[in-house]
Colleague: 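This structure is in structure tokens; I'll ask about it shortly.
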Amino acid sequence: MSSDTATSTGRAPTVFVPSSEALATVLAPGARPPRPSPLSASLTFSWRALLKIKHVPEQLFDVTAFPIIMVLMFTYLFGGALADSPRDYLQFFLPGVMVTSVVMITMYTGVGLNTDIEKGVFDRFRTLPVWRPAALVGMIVGDVLRYVLAALVILSVGLVLGFRPDGGVLGVLAGIGLLVVFSFAFSWVWTFFGLILRSEKSVMGVSMMVLFPLTFLSNVFVDPSTMPGWLQAFVKANPITHLVSSVRAAMAGTTDASAMMWIVLWSAAFIAVFGTLTMYRYNRR
């Protein structure tokens with residue numbers, strides 16, 4: 001009977017109140033799922049980063065086409081002038097251009113973070129009952145695949161052009177491993193900029209302003225001994241120089257202990273300083 005009919009007949013409408021047992025059955029059919037561990041949450045957000053590549057494959061342009069262009073352009077542009085032949089120059093140059101290409105694409109970590117923040121995605125992430133840094137850690141771990149892919153593309157092109165690493169497979173794996181570890185640590189610099197700058201264009205502009213001097217004023221393209229003394233001082237203190245020396249030595253089948261020690265120190269410093277600043281800013285945004 002409807003409420004209008006009940007009112008017209010002078011009787012109060014019937015109100016059905018479910019019992020507490022019925023409500024418990026509907027609202028809580030099972031035990032509450034456990035809170036995901038930090039590792040599980042981080043891996044989930046890493047998978048999200050990979051799915052973004054699946055749905056927007058153009059994002060892989062910077063780790064495929066760009067490295068190929070870099071290798072071909074600089075090998076045949078400078079090879080004849082700086083060495084006896086482009087192939088001889090490639091033996092010296094390829095580890096350096098691998099470092100340059102991978103380090104350059106680390107800036108897209110900050111760009112992607114800034115884009116997600118502007119769209120409000122990270123505001124939703126922070127309401128989830130998960131480990132708070134998981135979204136940031138997972139995003140950077142997901143980008144590690146991009147670094148490995150870029151390194152493999154460059155190595156493949158180099159092998160086709162005549163590059164022959166004396167260190168063999170183990171030397172190549174060691175060099176790529178050093179590069180990935182450093183790039184992971186260096187990515188925290190851009191996550192911090194992604195949080196404090198207002199737009200993705202600002203993040204990209206600041207990143208290029210930092211990366212161009214670091215990558216070009218190093219031992220990537222030429223031996224620093226040919227540079228003026230004042231410039232050599234900067235080049236020798238440059239973390240990219242230490243990274244290139246480490247990767248170059250590993251691929252040549254030797255070890256540069258001093259450069260490797262500096263890479264460990266630089267990587268630890270980037271994570272300690274910029275990782276802390278990123279978390280501080282992220283939790284108070």
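All residue numbers in this chain count up from 1 along the given sequence.
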Colleague: Can you name the closest pair of heavy atoms from E200 and N114 and give their distance?
Modeller: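 Nearest pair, atom of E200 first, then N114: N-OD1, 3.0 Å.
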Colleague: When rounded to the nearest 0.5 angstrom, what is the spacing between OG1 in T278 and CD1 in I271?
Modeller: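 With rounding to 0.5 Å, OG1 (T278) is 11.0 Å from CD1 (I271).
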Colleague: For residues N238 and I240, report the shortest heavy-atom separation together with the two atoms involved.
Modeller: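 Result for this residue pair: OD1-N, 3.0 Å.
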Colleague: If you look at every heavy atom in I105 and A150, which pair is closest and at what distance?
Modeller: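 Closest approach of I105 to A150, heavy atoms only: CD1-CB, 4.0 Å.
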Colleague: Where is the tightest heavy-atom contact between F274 and W188, given as atom of each residue plus distance?
Modeller: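 Here F274 and W188 meet closest at CB-O, 3.6 Å.
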Colleague: Of the non-hydrogen atoms in V71 and T75, which two are nearest, and what is the gap between them?
Modeller: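 Answer, listing the atom of V71 first, then T75: O-OG1, 2.6 Å.
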Colleague: Who passes side-chain contact (heavy atoms from CB on, under 4.5 Å) against L217, sequence neighbours left out?
Modeller: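 With sequence neighbours excluded, L217 shows a side-chain contact (heavy atoms from CB on, under 4.5 Å) to P213, L231, F234, given in chain and number order.
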Colleague: Assign the ring pair Y89 / F93 to parallel, tilted or perpendicular, where the plane angle (0 to 90°) is split at 30° and 60°.
Modeller: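 Ring orientation, 0 to 90° scale: parallel.
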Colleague: Would you say that P165 contacts L159 through its side chain, given a criterion of any heavy-atom pair below 4.5 Å between the two side chains?
Modeller: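 Yes, their side chains come closer than 4.5 Å.
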Colleague: Between the side chains of T106 and T109, does any donor sit under 3.5 Å from an acceptor?
Modeller: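 The criterion, which ignores hydrogens and geometry beyond distance, is not satisfied for T109 and T106.
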Colleague: Ring centres under 6.0 Å, that's the criterion: do F270 and W266 meet it?
Modeller: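 Ring centres of W266 and F270 closer than 6.0 Å.
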Colleague: Rounded to the nearest 0.5 Å, how far does CG of L72 lie from CG of L161?
Modeller: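 These two atoms lie 6.0 Å from each other.
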